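Here is the structure we will look at, set down as structure tokens.
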Amino acid sequence: MAAKEKLICVGCPMGCLVTLTISSNKEVAGITDNKCKQGEKYVLEEYQNPVRTLTATVLTRGSLQPLLSVKTARPIPKTKSLPGAIALAGLKVRPPVKAGDVVISNLAGTGVDVVATGNLLS
Amino acid sequence: MKLQDVDVAVIGGGPAGIAAAIKARETGAQNVVILERAEKMGGLLYQCIHNGFGLFYFNEDLTGPEYAHRFVEKAMDTGVKGLPETMVTGISPERQITAVSKGEGYLSFRPASIVLAMGCREKSRGALGIPGTRPAGIFTAGTAQRFVNVEGFIPGKRIVILGSGDIGMIMARRLTLEGAEVAAVVEMLPYIGGLIRNEVQCLHDFDIPLLLEHTITRIHGEQRIEAVTVARVDDSKRPIAGTERRIECDTLLLSAGLIPENELSLMAGVELDAATGGPTVDETRQTSISGIFAGGNVVHVHDLVDNVSWESELAGESAARSAMGGKGAQGKIKLKAGRNIRYIVPQTISGQNKVTLYMRVNDMEEGVRLKIGNIMSKGLRVVKPSEMLKVELAPEQLEKLKEGTSEIIVDCERRERK
Ligand code: SF4
């Protein structure tokens, strides 16, 4: 039996509520209610592999600056955002760190590095 | 550089001020100085650690600190002088600036031109007028953002957010990821105040309840906030009796809009537009006072920093030209807000040069046609108050203007559906 799944397209301010028809073998059999082509591509990706860039801060040690801002070098699966944030909560970095430096590799088993988005001076 | 020799003085070192200063240097102004009240340049971008900046300006997805960093570096490379920890206390209509500076003491000087780039600030509880007690634990979303992302404090454990502006939704996600519980985001309108992308990625991703057409009717708690009462609102935004319910919380964040910060503009005698809350400007971003220009959120609140940078570059370029003795825009054609248009920036154009118009609508509407007098017409699927409209007018289109035109009416008309 075909199931229906609804996703909001974020491609433009319209924010169409797009319907996906999912076949019994979990394949996307149809996409309707999107007002343009761009929406089709977006919901397909968002259904099959929803990813997000996780941004956060990590605590510092040996610096007057209490936090360092960081991000995942690439988007990670959406379900890994919270486990990723929890992993980062336990981290402490020491100066010097430059923007772009890796602060932790393979965040929460995603295979993706977390890099600094700012500098950390001592 | 002696302050006596300053060609262009920029008030505010956020994204608007930095972009204006860089462009002023690039246009040929010798001595360009930024006066910034905080310890460092970059403004609020340093606390906006999320991504989504620069998608248009750099064609890259950057975080706030990364976007700021690129501009700060460029400012240093182009020889812009930055004066941090410097608070401008006054500007006269003759462009005399007075300031107090941690490094330089009391300052008073008269630059050839000024760029106003003070940005905007958040509406506070006072501006919203919510009844109830006055306990601790009520913050604007931006203040909470600074606590969480810069200073390292979490404001509370169970949070209610009033207003669904972008900063509010982004803070809902951020606090959830830091271990707090966001009990609800409360929005008076039938749709969110920020971008769709933020509704999906900040609220839906984390199952944060969004209460549309609701407002807070009371704040409870003596020392610290303990709860809020929320109620559904009717079409005229009045709370409906009998729909009240109590939501326990220890923190309330306000994300209910931004106001351009124009105390200094008023001191200088610059004319403000009641619809934008910022100075009325011509297409070069000159204000009503010759030699004083303005760009970015001080003029009108943008939703993308990319547009702030572009608009302020224009202000910086014009300020440099004016400082070097150039003439400003000739002729003034008024742009008048017609049906479902809240404001248009710039408020006047010369009708001779290519120009970008920034506009906002009053109400959400689907299937509309945007008409700029008789010179341009464009169909749009949807317009929302939260999404700024941007339209470029090319010289060929402006040629359609009749000789002696003094006013152009901009309308957002309903389009008949097939
Ligand atoms: S489907 Fe097209 S029209 Fe609808 S939200 Fe996506 S991009 Fe916009």
Side-chain angles (χ1 to χ4, degrees), chain A residues 6-18 34-36 38-39 42-43 46 50-60 63-75 77-90 92 98-100 115-121, chain B residues 42 45-53 61-70 72-73 145-154 170 173-179 191-192 194-206 303 361 364 366-367 380-389:
Chain A
K6 293 210 182 257
L7 285 176
I8 298 174
C9 176
V10 301
C12 84
M14 193 74 207
C16 296
L17 187 59
V18 183
N34 50 312
K35 293 214 165 64
C36 80
Q38 197 193 328
Y42 169 84
V43 291
E46 181 70 7
V51 292
R52 306 283 187 260
T53 296
L54 174 67
T55 61
T57 53
V58 291
L59 291 169
T60 67
S63 168
L64 288 176
Q65 188 182 316
L67 299 172
L68 174 68
S69 58
V70 298
K71 70 172 183 185
T72 53
R74 281 183 288 118
K78 175 173 114 169
T79 50
K80 291 289 185 179
S81 290
L82 201 51
I86 291 167
L88 288 171
K92 283 207 170 90
K98 290 234 303 279
V115 296
T117 57
N119 299 329
L120 182 68
L121 310 170
Chain B
L45 282 173
Y46 279 107
Q47 67 182 59
C48 302
I49 62 157
H50 55 278
N51 58 311
F53 298 89
D61 188 8
L62 301 173
T63 63
E66 291 170 314
Y67 190 93
H69 196 65
R70 291 202 183 182
V72 171
E73 295 264 282
Q145 189 179 43
R146 187 179 163 86
F147 286 167
V148 178
N149 292 347
V150 178
E151 294 179 12
F153 304 106
I154 306 295
I170 283 163
R173 170 177 64 188
R174 184 78 187 102
L175 285 160
T176 305
L177 287 172
E178 287 292 342
Y191 43 86
I192 52 154
L195 305 173
I196 285 276
R197 181 180 61 178
N198 286 331
E199 177 179 351
V200 171
Q201 299 189 352
C202 298
L203 304 185
H204 298 184
D205 274 10
F206 300 96
D303 27 53
V361 296
M364 175 167 160
E366 284 186 31
L380 295 168
R381 265 205 196 98
V382 66
V383 289
K384 289 181 186 176
S386 57
E387 311 255 356
M388 194 159 70
L389 298 172

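The structure displayed is predicted, hence computed values, not measured ones. Chain A is the first sequence line, chain B the second, and so forth, proteins listed ahead of strands; every chain is numbered from 1.
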Quiz item: So, Thr57(A) versus Arg174(B): side-chain donor-acceptor pair below 3.5 Å or not?
Solution: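 On atom types as modelled, these side chains qualify, holding a pair under 3.5 Å.
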
Quiz prompt | Region of Leu59(A) that comes under 4.5 Å of a non-hydrogen atom in chain B | solution =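 Leu59(A) has no heavy atom closer than 4.5 Å to chain B.
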
Quiz item: Side chain, backbone, both or neither: which part of Thr79(A) has an atom under 4.5 Å from a heavy atom of chain B?
Solution: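 Contact with chain B is absent: no heavy atom of Thr79(A) under 4.5 Å.
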
Quiz item: Are Lys71(A) and Glu66(B) side-chain neighbours, meaning at least one heavy-atom pair lies under 4.5 Å?
Solution: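 A side-chain contact exists here, since the closest heavy-atom pair is under 4.5 Å.
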
Quiz item: With side chains defined as the heavy atoms from C-beta onward, is the minimum distance between Asn119(A) and His69(B) less than 4.5 Å?
Solution: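 Touching, per the 4.5 Å side-chain cut-off.
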
Reported [atom1]-to-[atom2] distance for the pair [X] and [Y], which is rounded to 0.5 angstrom:
| X | Y | atom1 | atom2 | answer |
| --- | --- | --- | --- | --- |
| His50(B) | Leu54(A) | NE2 | CG | 13.5 Å |
| Phe153(B) | Leu67(A) | CZ | CG | 9.0 Å |
| Cys12(A) | Leu380(B) | SG | CG | 10.5 Å |
| Ile8(A) | Glu199(B) | CD1 | CD | 5.0 Å |
| Leu177(B) | Ser81(A) | CG | OG | 6.5 Å |

Practice problem: Return the minimal non-hydrogen interatomic distance between Pro65(B) and Thr117(A), and the atom names on each side. | Solution: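 For Pro65(B) and Thr117(A), the tightest heavy-atom pair comes out as CB-O, 3.6 Å.
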
Quiz item: Which atoms form the tightest heavy-atom contact between Ser69(A) and Ile49(B), and what is the distance?
Solution: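 Of all heavy-atom pairs spanning Ser69(A) and Ile49(B), the closest is CB-CG2, 3.6 Å.
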
Practice problem: Name the member of Asp61(B), Thr63(B), Leu62(B) that forms the most heavy-atom pairs with chain A at distances under 4.5 Å. | Solution: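 Maximum pair count with chain A is reached by Thr63(B).
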
Could you tell me which portion of [X] (side chain, backbone, both or neither) has an atom closer than 4.5 angstrom to a non-hydrogen atom of chain A?
| X | result |
| --- | --- |
| Thr176(B) | backbone |
| Phe206(B) | side chain |
| Glu387(B) | side chain |
| Val148(B) | backbone |

Quiz prompt | Residue, of Val70(A), Val10(A), Thr55(A), that accumulates the most heavy atom pairs under 4.5 Å with chain B | solution =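 That would be Thr55(A).
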
Quiz item: For chain B, which of Ala85(A), Gly100(A), Gly11(A) has the most heavy-atom pairs under 4.5 Å?
Solution: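 Heavy-atom pair counts peak at Ala85(A).
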
Quiz item: So, Arg381(B) side chain and Lys35(A) main chain: donor-acceptor pair closer than 3.5 Å or not?
Solution: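 Checking the backbone N and O of Lys35(A) against the side chain of Arg381(B), a donor-acceptor pair under 3.5 Å is found.
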
Quiz item: Considering residues at least two apart in sequence or located in another chain, which fulfil the side-chain contact (heavy atoms from CB on, under 4.5 Å) criterion with Lys78(A)?
Solution: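 Testing Lys78(A) for side-chain contact (heavy atoms from CB on, under 4.5 Å), a comparison that skips the adjacent residues, returns Glu46(A), Pro50(A), Arg52(A), Asp205(B).
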
